[in-house]
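This report concerns only the one structure given below.
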2 protein chains.
Amino acid sequence: MNIKPTARLPLVRSYDQFCSLAKTLDVIGERWTMLVLRELMLRGPSRYTDLRDGLPGIATNLLADRLRDLEQAGLVEREEAPPPIATTLYRLTTRGEELRPAIVELARWGMAFMPEAPEDDSFRGHWLVFPVELYLADQAPDQPPVTVQVQAGDEPMVIETVDGRLRTRRGRVEHPDLLLSGMPKLVLGVVTGMLAFDAAVGRGLHYEGDPATLKRLQPPSVRLKASAGPRL
Amino acid sequence: MNIKPTARLPLVRSYDQFCSLAKTLDVIGERWTMLVLRELMLRGPSRYTDLRDGLPGIATNLLADRLRDLEQAGLVEREEAPPPIATTLYRLTTRGEELRPAIVELARWGMAFMPEAPEDDSFRGHWLVFPVELYLADQAPDQPPVTVQVQAGDEPMVIETVDGRLRTRRGRVEHPDLLLSGMPKLVLGVVTGMLAFDAAVGRGLHYEGDPATLKRLQPPSVRLKASAGPRL
DNA sequence: CAGCATCCGCTTTGATACTG
DNA sequence: CAGTATCAAAGCGGATGCTG
């Protein structure tokens, strides 16, 4: 008996409200969906396995479901990369990339929770990209470029000035002006300025090089928060 | 994935990721939660029944759950209003109000879906407040104030200039400079400039008064979209 | 191994009924 | 008016199976 297996209907649940927020949530409101978008925004075009690694806790079938839904909605497109990659890459479309301001605003609001986050939360180094976008900017574009090597979780990350702008990428650099390593909460704290450098060192942050490199990257208003804001 | 007990028995599912977006979604990522916040942002302090009316489709137990969770998270507080109101009011705390930029950005992104929304979507007049915030501004604050009476769904709404700023509120005004009434999609279309006024009239929009009143409120860049943008 | 699909126990949601 | 109670259905999380 050969009954056609009913192809999973894309029966996405809708709020059925004539409201643009409701329409947005119809598309990206399900569990895990915005975190999938985060991964694609932070990592760029990614393989399935890398996405799964960047989403600790997700069930693999859910990741497949979300990618299919996002593709159907036009936010994600798959690219069959030719050899030597020879794998499927998932990338944001223009429409998906247009969600970045909204996602960044949500991430900004959530920064207030970071100081009180449990110590056993999972962490990936590239999650530092949003905080860097939110809290850092090159304050002296005329000076020679600087690089900060960060080792917080699994992946080493580099924060570097490029043409007066900041770039955060995975990898290592030969002779960074400053190297930071330690628990994610300490590294995030000193990078954002929410935690004073001395206090972080006292709590176990390791560093090499010139701590003043951070001041080059932190706007004055941010540095103020190190003393007044919540303690990481 | 851990399940954390909050106060009594309600369990809040957490992503357990040291990422501020994940922390945000731990708090407001469940189904209906952001729409509850929308209602509180658009209507101000509200009674339970009014919230339920502004959230067509929500189950009453879910509304109660969400309000409890939001209160616990510190985004919403309840106020026992004394007579003559003699009821409990729900209102956003400062922390909850700080989510407005993020919610507005999500709503902005979703505007692109409005032209193709089903005709039988539910609608409430005060849902026009976000679009007005996003698309309109007083272009001639020196001129005498203007008022637009809008009748799109159940509740009549007024858009009025106040000290060079725009205010949208429920209610009626005596002699508006312009009165618009008709299907939500048509009214939204002409208000945002996504739909040319003549086209809207041709499709059933009713109006009284001076259509040029809208130009007073629409930035030039918005008016351009009326001819080039997608048709509502 | 990458990239899913399937199965199963559990949780959340949705619709309705009911109560102070 | 402002919720709680109940229960079926859908969604989720975890494990495992299949295919190139």
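By convention in this document, chain letters (A, B, ...) are assigned in the order of the sequence lines, proteins followed by strands, and residues within each chain are numbered from 1.
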Distance, rounded to the nearest Å, where Asp65(A) contributes CG and dG14(D) contributes C1': 14 Å
Spacing between Leu67(A) atom CG and dA5(C) atom C1', to the nearest angstrom: 14 Å
With Tyr207(A) via ring-ring contact (aromatic ring centres under 6.0 Å, His included) - residues at least two apart: Phe197(A)
Length of the line joining Glu79(A):CD and dA2(C):P, which is rounded to integer Å: 19 Å
Side-chain donor-acceptor contact under 3.5 Å, Glu39(A) with Trp127(A): yes
Distance, rounded to the nearest Å, where Asp26(B) contributes CG and dT12(C) contributes C1': 16 Å
Atom-to-atom span, CZ of Arg66(B) to P of dT4(D) - whole angstrom: 14 Å
Base-contact (B) and sugar-phosphate-only (S) positions in nucleotides 14-20 of chain C, heavy-atom cut-off under 4.0 Å, - elsewhere: BBBB---
Thr49(A) side-chain N/O to dC1(C) phosphate OP1/OP2 under 4.0 Å: no
Quiz item: cation-pi between Arg95(B) and Phe113(A), 6.0 Å / 45°: yes
Spacing of Leu55(A) atom CG relative to dG13(D) atom P, expressed in whole Å: 12 Å
Residue list, side-chain contact (heavy atoms from CB on, under 4.5 Å) with Glu208(A), at least two apart or on another chain: Leu179(A), His206(A)
Euclidean distance, atom CD of residue Glu30(A) to atom P of dG11(D) [Å, nearest integer]: 7 Å
Residue from Ile159(B), Leu186(B), Val190(B) passing side-chain contact (heavy atoms from CB on, under 4.5 Å) with Leu180(B): Val190(B)
Short side-chain N/O contact to dC12(D) OP1/OP2 from Tyr15(B), under 4.0 Å: no
d(CG, Asp69(B); P, dT12(C)) in whole Å: 10 Å
Ser122(B) and Tyr15(A): side chain donor to acceptor below 3.5 Å: no
Which atom of Asp177(B) lies closest to which atom of Val146(B), heavy atoms considered: OD2-CA, 3.2 Å
Arg68(B) side-chain N/O to dG3(D) phosphate OP1/OP2 under 4.0 Å: no
